[in-house]
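Here the structure is laid out as structure tokens; the discussion comes afterwards.
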Amino acid sequence: MRLNSDPMLRRLVFLLLLLPMACIDPYQVEVPDGQQLLTVEGLIHTGPGPHAITLTRSDTYGSVFEGLVRPVTGATVVVRDNEGKIIFLTEGQEARGSYFTPSGFRAEIGKSYTLQIQTADGKVYTSLPERVESVPEIEDISIKTITVPVEGETTPRSGVQLISEINDPADQNNFYFWRLGPITHVLEARPDLFVDRETRTPAPKDCCFICYRTEVTGNQSLFIAVDDNFNGLSTRIPAAFIEDNSLRFVNKLRADLKQYAISQEAYRFLRLVKQQAEISGSIFDPPPATIRGNMISLDNPDEVVLGYFMAAGESTRRIYIDKSDLTFRQIPGTIPDDCRTVFGAVVDPPFDWNP
């Protein structure tokens, strides 16, 4: 087919020849830096200390540092009770941006506490007062094996749910919050299966087969409750979850469950955080929003300050979980080396290990 016999083809070739000569001026998009938001996360309670207050700043949408969380260092942080007593917090040497109460400090039931912060650049922030409420003891902890199907996988994710058993007081409206303390578990290894990485030949080791590892897992969700439906009754409430990573439940695991009685305002804040964290992404979900807590700026009342300062009564109970207590376990992982090569693993059990 000849070019001059097809008008449509000639027009197409003509347009293609013009494209390299076309010049488009680049459009400069200027995005202003996002506002740096102070975030306060802290809880003081009636249990042993030290208690921590963590200060960070995060940049919002539009900043080149969007998503970056930076510790706020060099601040003066104090807690004041309703009787005028002031407790000075000290910044951690390794945990920058975290400020700790003296080790002997404990909040007192019935007192109200206010957090006050002065940053290194002179800005001053304060919380609204938080009253410490009494908390019932954890009467017992029961467990339930949880499995969650994984799309495309034959083996589900699994773990252990801790259930707090309490006798709820009838004389007041109670708001509960649970945290999981550090867990310690027996770590089993096979140093006799060690292979030299350079020669790729077997090089069995004599030690060590058994270690103890302590790790901070935290809860993968917020566990909170209000006693509207069980006021004055004995009840069992899901309070924590420990995921089975194929190493934690090969032998025995120890966990400390911490139960807090928090204020109604703190409960409302945590409930909103939980709701937003569990948004599934459907069109019926509420849009993500900034959740303001009980912190305000004394220099600029319109400044958005994130987070919440809580004061609470605390009760703690310890549980030991044996592998035989689980109705489903992940296939045990194999560590073909000295168990001490795993971060945080030591040969000697904790001094208070008493399964």
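For the single chain, residues carry numbers from 1 onward in sequence order. Scope of the values below: all heavy atoms of this structure, side chains included, with no hydrogens, waters or symmetry mates.
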For [X] versus [Y], what's the shortest heavy-atom pair and its separation?
{"X": "D352", "Y": "Y320", "value": "O-OH, 3.4 Å"}
{"X": "P129", "Y": "S112", "value": "CB-CB, 4.4 Å"}
{"X": "D337", "Y": "K205", "value": "OD1-NZ, 2.7 Å"}
{"X": "T101", "Y": "P50", "value": "O-CB, 3.2 Å"}
{"X": "G97", "Y": "E91", "value": "N-OE2, 3.1 Å"}
{"X": "N231", "Y": "Q172", "value": "OD1-O, 3.3 Å"}

>> Could you go through C339 and C208, starting from their C-alpha distance and side-chain angles, then the distance that decides it, and tell me whether this counts as disulfide (SG to SG under 2.5 Å)?
In response: CA-CA 6 Å; C339 62; C208 291; 5.3 Å; no
When you measure from the side chain of [X] to the backbone of [Y], do you find a donor-acceptor pair of N or O atoms at a distance under 3.5 Å?
{"X": "D244", "Y": "Q330", "answer": "yes"}
{"X": "S297", "Y": "D299", "answer": "yes"}
{"X": "S315", "Y": "P136", "answer": "yes"}
{"X": "R96", "Y": "G92", "answer": "yes"}

> Less than 4.5 Å apart, any side-chain heavy atom of M295 and any of L38?
Replying inline: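 No - every pair of side-chain heavy atoms lies 4.5 Å or more apart.
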> Would you say the side chain of R329 lies within less than 4.5 Å of the side chain of S158, judging by non-hydrogen atoms?
Replying inline: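 Answer no - side chains too far apart.
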> With sequence neighbours left out, what residues match E83 under salt bridge (charged side-chain N to carboxylate O under 4.0 Å, His left out)?
Replying inline: K111
> With the threshold set at 4.0 Å, does a side-chain nitrogen-carboxylate oxygen contact exist between K123 and E303?
Replying inline: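 Here K123 does not pair with E303 in a salt bridge, since their nearest N and O are not under 4.0 Å apart.
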Does the side chain of [X] come under 3.5 Å of the side chain of [Y] through a donor N or O and an acceptor N or O?
{"X": "E133", "Y": "S263", "value": "no"}
{"X": "T184", "Y": "T214", "value": "yes"}
{"X": "E130", "Y": "Y308", "value": "yes"}
{"X": "T114", "Y": "S127", "value": "no"}

> Should the ring pair F105 and Y113 be called parallel, tilted or perpendicular, given that the plane angle runs from 0 to 90° and is split at 30 and 60?
Replying inline: perpendicular
Out of curiosity, [X] [atom1] to [Y] [atom2], how far, rounded to the nearest 0.5 Å?
{"X": "I143", "Y": "D325", "atom1": "CD1", "atom2": "CG", "result": "4.5 Å"}
{"X": "T334", "Y": "L193", "atom1": "OG1", "atom2": "CG", "result": "7.5 Å"}
{"X": "I237", "Y": "W178", "atom1": "CD1", "atom2": "CH2", "result": "4.0 Å"}
{"X": "I183", "Y": "L253", "atom1": "CD1", "atom2": "CG", "result": "4.5 Å"}

> Knowing that exactly one of V342, I335, T341 qualifies, which makes a side chain to side chain contact (heavy atoms under 4.5 Å, CB included) with D338?
Replying inline: T341
